[in-house]
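Reviewing the structure listed below.
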Amino acid sequence: MINKKIKYFIITACIILLAIIFILPVFLTIMASFVDEEKINLILGSNTWENMISPAKLSLSSYDQLLFDFFPFYRLFWNSIIYSTLITFFALLVGFLAGFSFYYSKYRGKKVIYIIYILLMMMPLQVTILPNYIGLREMNLLNTPYAIILPLVFSPFGVVILRQYMSGLDVDIIEAARLETSSIIRILIKVVAPQIKVCISAVTLFIFVDSWSIVEQPLLLVKDQKLKTMTTLFSNTIDVGMDIILAASVIYLIPVLILYCNFSQHLEEGLALGRVSIHD
Amino acid sequence: MKKHVSIITGLVFLLFMLACTIFSRTIHDSRLVKVTTTNVRPIDFTISFDLEDGTNIITSQKKLAIPIDIVHEGAVYLIRERERYNEVETYVELVYVELGQIEGEYVEVKQGLSGNDKIIIESNGQIETGQTVLVSSPN
């Protein structure tokens with residue numbers, strides 16, 4: 001009994017320590033964004049603990065400068081919002097339809113194509129970025145918003161995850177629905193989608209977070225500054241002050257946090273269902 | 001309830017960012033000191049000189065001149081342009097000038113300014129070198 005309690009205590013302590021390690025950079029970023037520029041420069045230029053831990057006056061000067069002085073920020077912010085929203089919506093649509101096709105339809109080569117999808121999903125970005133670049137160049141889509149949107153819309157991630165989740169569905173329900181109506185779209189909307197709502201929520205969150213944090217695609221596929229995203233701002237510490245970058249980082253976190261709060265319940269349900277199926 | 005709160009928070013955040021996008025430049029400009037400028041222009045200065053035989057010749061010559069009342073301790077404030085965050089903005093620079101002949105309200109500028117320079121003749125606040133300003137009525 002005591003061993004169990006000690007074990008539980010140690011595991012909890014380790015988890016709390018890990019959580020602190022993960023949350024600490026975010027916490028420090030948020031705190032540093034409310035400190036004036038003088039203190040930030042003092043911390044960055046200093047190699048003594050005294051300067052770092054000495055109390056600093058809280059101020060909104062970083063946000064003031066970001067929102068009312070650094071106008072390129074708005075273009076970058078809205079580009080990120082528009083790209084992420086479009087990518088999430090269309091990737092979900094493509095993933096849902098393609099996933100259902102892999103699950104329900106019968107045609108030659110289905111398994112081969114699905115295995116290719118899985119292999120593509122496992123390939124890192126560094127492998128796929130060059131073929132993407134060449135393909136977009138041939139289609140004259142480089143330096144356009146489509147260069148960022150299209151490769152991510154047709155990403156295999158959503159397809160594979162949704163298809164895997166659909167494999168747990170009962171085919172008889174779909175067959176029964178086919179007796180009622182011949183419209184596949186209706187079956188998808190009325191029968192399939194409500195049953196995989198949890199998975200759709202999780203995939204929405206993952207795709208949004210993934211598209212919100214893209215860095216390589218805006219840097220490599222687009223040259224025009226007006227088409228770039230917020231993530232390109234964070235690498236530019238020479239032209240832009242640290243105070244602006246810190247304030248922009250906090251604003252960068254907000255949409256993801258809001259979306260997570262929206263879908264967290266479904267995410268927890270999905271994880272719980274996964275836990276149940278593992279132990280069955 | 002939690003979902004409604006997060007949706008409302010998201011909408012409020014987007015509306016706030018939209019409002020900032022629309023009004024940020026207006027707010028930024030309202031904080032800047034507004035200045036009125038004029039070009040350094042050549043005006044006619046009366047020149048008088050005596051010939052060897054004692055004849056006094058009065059003629060005029062065009063010279064670069066500025067209003068005398070904007071000169072403070074031998075210096076004037078100019079408007080310059082610089083690129084900042086991929087945008088052009090105007091800022092103030094203090095320049096020392098060598099002055100010459102006075103003609104009415106104007107004084108000759110011997111050195112320190114060129115014909116393309118724009119000098120500040122009026123401002124609605126304190127200005128100093130390097131400060132970003134808004135040119136309200138350029139001449």
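We name chains A, B, ... by the order of the sequence lines, and we start the count at 1 in each one.
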Check your understanding: What are the two closest non-hydrogen atoms of B/C20 and A/L67, and how far apart are they?
Key -> SG-CD1, 4.4 Å
Study note, to complete from the structure: Correct closest heavy-atom pair for B/T21 and A/W78 would be OG1-NE1, 2.8 Å
Point to revise | Salt bridge present between A/D69 and B/R31 (N-O < 4.0 angstrom) | key: no
Check your understanding: Does the side chain of B/R25 come within less than 4.5 Å of A/F68's, by heavy atoms?
Key -> no
Point to revise | Heavy-atom side-chain contact between B/I7 and A/I258 under 4.5 Å | key: no
For [X], which atoms come within 4.5 Å of any heavy atom of chain B: side chain, backbone, both, or neither?
X	result
A/I244	side chain
A/F263	neither
A/Y260	neither
A/I81	side chain

Exercise for review: Give a yes or no on this: more than 12 heavy atoms of other residues, nucleotides or ligands lie within 6.0 Å of atom CD of B/E122.
Suggested key: no
Point to revise | Toward chain A, the part of B/E87 with a non-hydrogen atom under 4.5 Å | key: side chain
Review point. With only heavy atoms counted, which part of B/Y85 is less than 4.5 Å from chain A, the side chain, the backbone, both or neither?
Key: both
Exercise for review: Carefully, step by step, assess A/F71 and B/N86 under the rule side-chain contact (heavy atoms from CB on, under 4.5 Å).
Suggested key: CA-CA 9 Å; A/F71 300 113; B/N86 297 324; over 6 Å; no
Exercise for review: Please round to the nearest 0.5 Å and tell me the distance separating atom CG of A/L257 and atom OG of B/S6.
Suggested key: 11.0 Å
